[in-house]
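What you see is a predicted model; the values in this text were computed from it and never measured. Atoms within each ligand, like the ligands themselves, are counted from 1 in listed order.
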Amino acid sequence: LGAQLNGTKPTMNGHASDSNESSSTSERLQVINDEKNFTTHLTSQIGRWGLRDAGFNYNIVAVFGSQSTGKSTLLNRLFGTTFDVMDETRRQQTTKGIWMCRGKDMDVMVMDVEGTDGRERGEDQDFERKSALFSLASSEVLLINLWEHQVGLYQGANMGLLKTVFEVNLGLFGKKAQDGSQGRTLLLFVIRDHIGVTPLANLQATLTADLEKIWDSLSKPQDLQDRQLSDYFDLAFTALPHKILATDKFEAEVQELRKRFVDKTRDDFVFKPVYHKRIPADGVAFYMENIWEQVQTNKDLDLPTQQELLAQFRCDEISSVALADFTEQSKSQRRPIEAGHVVEGLGDLMRDWRSQALSRYDRDASRYHQGVYQRKRADLLGVMDSTLSPLFLGQLKNLHRSCLSAFKRELLEGLRGDEYSFADVVEKARTKCETRFADGAKEVSLEDTDWTWQDELVSLREEISNVADQCRKDETKKMVNLIERNFRKQISEPVDISLNKATPDMWDKVLSTFKETLEKAELTYLAKAKSFNCTDDENVASLAALRKRAWLALRAKIDEQTADTAILGKLRTHFEERFRYDENAVPRVWRPDDDIDGAFKTAKEQTMNLIPRYAKITPVDPSLEFVLPSEPSDPLNSTDEFDFPSTLVIFTETKSLDLTSRFRKDADAYYVEAKRSTVSSIAQ
Ligand code: GDP
Ligand code: MG
């Protein structure tokens, strides 16, 4: 017997079937043993009975009555349960405690409360009270089982049991009765061994009168003085024939009674919704255990508090189950996000996980105390959102990065080729980039969160501007380079010609060329710069740089034309043109009486006069001396590394002397040659 305590035992009623499922549904469990300990198996047993997910779609019925009045027998017949029945031959006392079975083919939990009537045995009234509390807190229907001959014995022990039930009920549901819900219980009196001499109606009247008397005799709390028995209980009565003397009739009437527990369409169907204690099936075990613990420790049983405790416990459990799946799902995207990827459709994924977890939670938890359910739901949402938040932020950061590099790519793409407006290219790329970012950010923003992406957009915008600025500077530089190259090409020939001719206004021509070409270059720059959205400052700086570079290009050209060999060549040509050719550019043939010395001297002096002309850029028209503007900020003004006036000097004094002496030697050679030619002509 000991092995059965707190354990389960397969069916004993011979209906044990072949399938596992039906054998587990016929299992019974001792919920409270004779040591008054609560079982640890109720949750799993409710699962094995297949009732765990029943929600509110199940019923609980308990039986009360004196020892050996055929309670277990009745339950087994009515519900197809497998409770122990006292062995006739040995008249053995069954153990005390509360047993539970699942009704066969019905979603009903049946409680067999053994040894309830302690009075009869003159003992444990404590257990009677506790089991009454326990049963009333959860049962919809209480079967009160009694012999016919016990009816009317108001002072009888069985009525003491009812007094206990009433008292306990007042404590449990007294305050709640006003709203009519959750506190109502059906007391179904089953009168056993009804011989039939006294009609049921008479027995019923007697019992009802007795119940009213008991009710009146209760010492009720002040605020519940006016309460009627009918405020808390519905009463129903039925009688059964003698099981041994009228076996067939007994069995038939029990089967008839069973219909009242099964057939919802009957008027006398016992499990009316109003009796339901609204404990979700998956919370029954925890609830009962708590009730029992309160009962055991003699604490006041405050059912609303118990329901809240139950709700807290179950909502936490349900929440953590929902959260476990959610956490698993959200983990899957952590790696790609951390690796810097933009996860396509991450928002939808997150929405999905979140609503899956929520609906899982709602499905099971919404049956519990609404306040607790809502509070825990908010907690769950909070935990989920804080789990998702790093994914959101990571996605934003990755989106930011990828949009920025797309922007750079787009920009380079657009700036390929010659015909483009820089401003248009930038604007198009910027719009595309920002739209892409905003779309992605919206997708990944979850409803009902305080998540924002505006700050990230602001910082993206800043970086876009930086990139665009840098790009504009590069482009401007490229453009200035191009203009400078063209400038070089354009001045090359005019400067060559001017420097070759070496007319007195040579520098005026050079500077005029410079000025005109530079003006054209500046206009080209300004035309192009319009599409670059350059600032005025930038334009001023670029133009100044352009001017300086143009000037240096001119100087380079001049340097090239005035390098030693080039300048000596020029001088020689100049000299030759004057000494070896006459005014009509006809080669001279010297005759002995020709004034070779005079001609030589003139040509030499004229040519040597050119050296100071070449030596410094000095226009005849003084206004041309300032081809370069001279605002103080102008980089062409003297700075440490650039001193404009010094760039006007082509040859130093020393260099001029050197060139003079080298030219002299060249000229002397021509002179000697000329002399020789006359000598040879004489000699001929
Ligand atoms: P319990 O202690 O109230 O659960 O009673 P049991 O169901 O164990 O039955 C106690 C004894 O009464 C057993 O020997 C049964 O055979 C017998 N018994 C059961 N039902 C009836 C009945 O309707 N009338 C009579 N006279 N005896 C019954
Ligand atoms: Mg029994």
Side-chain angles (χ1 to χ4, degrees), residues 1 4-5 9 11-14 26 28-34 36 61-104 109-124 127-128 131-132 134-135 139 141-151 156-162 164-165 187-198 200 203 237-258:
L1 189 73
Q4 291 172 16
L5 299 184
K9 187 179 159 190
T11 180
M12 299 177 72
N13 65 3
S26 66
R28 61 179 180 162
L29 177 70
Q30 188 172 26
V31 179
I32 291 155
N33 66 13
D34 51 358
K36 297 181 187 166
V61 58
V63 72
F64 263 57
S66 311
Q67 272 290 317
S68 304
T69 46
K71 297 188 296 294
S72 303
T73 306
L74 174 67
L75 295 181
N76 289 347
R77 288 293 191 288
L78 267 181
F79 302 110
T81 50
T82 55
F83 296 116
D84 265 351
V85 171
M86 196 182 84
D87 187 336
E88 300 265 6
T89 53
R90 282 184 283 167
R91 290 249 127 214
Q92 190 185 34
Q93 179 74 59
T94 37
T95 41
K96 269 196 318 237
I98 299 180
W99 292 79
M100 203 189 272
C101 274
R102 186 203 153 139
K104 190 169 161 44
M109 291 183 232
V110 185
M111 288 200 287
D112 189 7
V113 184
E114 290 188 342
T116 37
D117 190 359
R119 244 163 282 252
E120 196 166 62
R121 288 176 291 141
E123 47 183 56
D124 205 348
F127 183 75
E128 171 190 304
S131 51
F134 181 73
S135 306
S139 305
V141 177
L142 219 55
L143 296 177
I144 311 288
N145 192 54
L146 72 170
W147 300 122
E148 182 184 2
H149 61 74
Q150 286 178 298
V151 176
N158 54 319
M159 289 298 151
L161 174 65
L162 286 170
T164 305
V165 168
L187 300 181
L188 175 54
F189 288 84
V190 184
I191 298 161
R192 308 291 294 272
D193 286 3
H194 183 227
I195 300 161
V197 178
T198 318
L200 176 61
L203 296 170
F237 302 86
T238 189
L240 289 175
H242 198 291
K243 176 179 172 275
I244 293 145
L245 299 182
T247 310
D248 292 348
K249 253 186 109 192
F250 173 83
E251 297 295 348
E253 290 200 21
V254 169
Q255 282 321 300
E256 192 57 33
L257 182 58
R258 176 182 164 89

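If you look at Asp193 next to ligand 1, the close heavy atoms, those under 4.0 Å, all belong to the side chain. Residue contacts with ligand 1, taken as heavy atom pairs separated by less than 4.0 Å, involve Trp147 solely via side-chain atoms from C-beta onward. Residue Arg192 touches ligand 1 through its side chain alone, judged by heavy-atom distances below 4.0 Å.
Listed by number with element, the atoms of ligand 1 under 4.0 Å from a non-hydrogen atom of His242 are 26 (N). Of all atoms in ligand 1, numbered sequentially from 1 with element shown, those under 4.0 Å from a heavy atom of Val85 are 7 (O), 8 (O). Close approach of ligand 1 to Thr69 (heavy-atom distance below 4.0 Å) involves ligand atoms 1 (P), 3 (O), 5 (O). Interface of Ser72 with ligand 1, defined as ligand atoms under 4.0 Å from a residue heavy atom, comprises 4 (O), 7 (O).
Without hydrogens or angle criteria, Ser131 side chain to Glu128 main chain gives a donor-acceptor distance under 3.5 Å.
Rounding to the nearest 0.5 Å gives a distance of 8.5 Å between CD of Gln150 and CG of Asn145.
Partner Leu75 forms a side-chain contact (heavy atoms from CB on, under 4.5 Å) with one of Val61, Val110, Thr82 and no other, that one being Val110. Put simply, the residue from Lys249, Lys243, His242 that forms a side-chain contact (heavy atoms from CB on, under 4.5 Å) with Leu245 is His242.
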Original post:
Yes or no on side-chain contact (heavy atoms from CB on, under 4.5 Å) for Ile144 and Leu188, after CA distance, side-chain angles and deciding distance?
Top reply: CA-CA 6 Å; Ile144 311 288; Leu188 175 54; over 6 Å; no
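Between Arg28 and Asp84 a salt bridge is recorded (basic side-chain N to carboxylate O distance below 4.0 Å). A salt bridge is absent between Arg192 and Glu148: the closest approach of a Lys/Arg side-chain nitrogen to an acidic carboxylate oxygen does not fall below 4.0 angstrom.
None of the N, O or S atoms belonging to Gln67 lies under 2.8 Å away from the Mg ion (ligand 2).
The shortest N or O to N or O distance between Gly70 and ligand 1 is below 3.5 Å. For a threshold of 3.5 Å applied to N or O pairs, the pair formed by Lys71 and ligand 1 contains at least one separation below that value.
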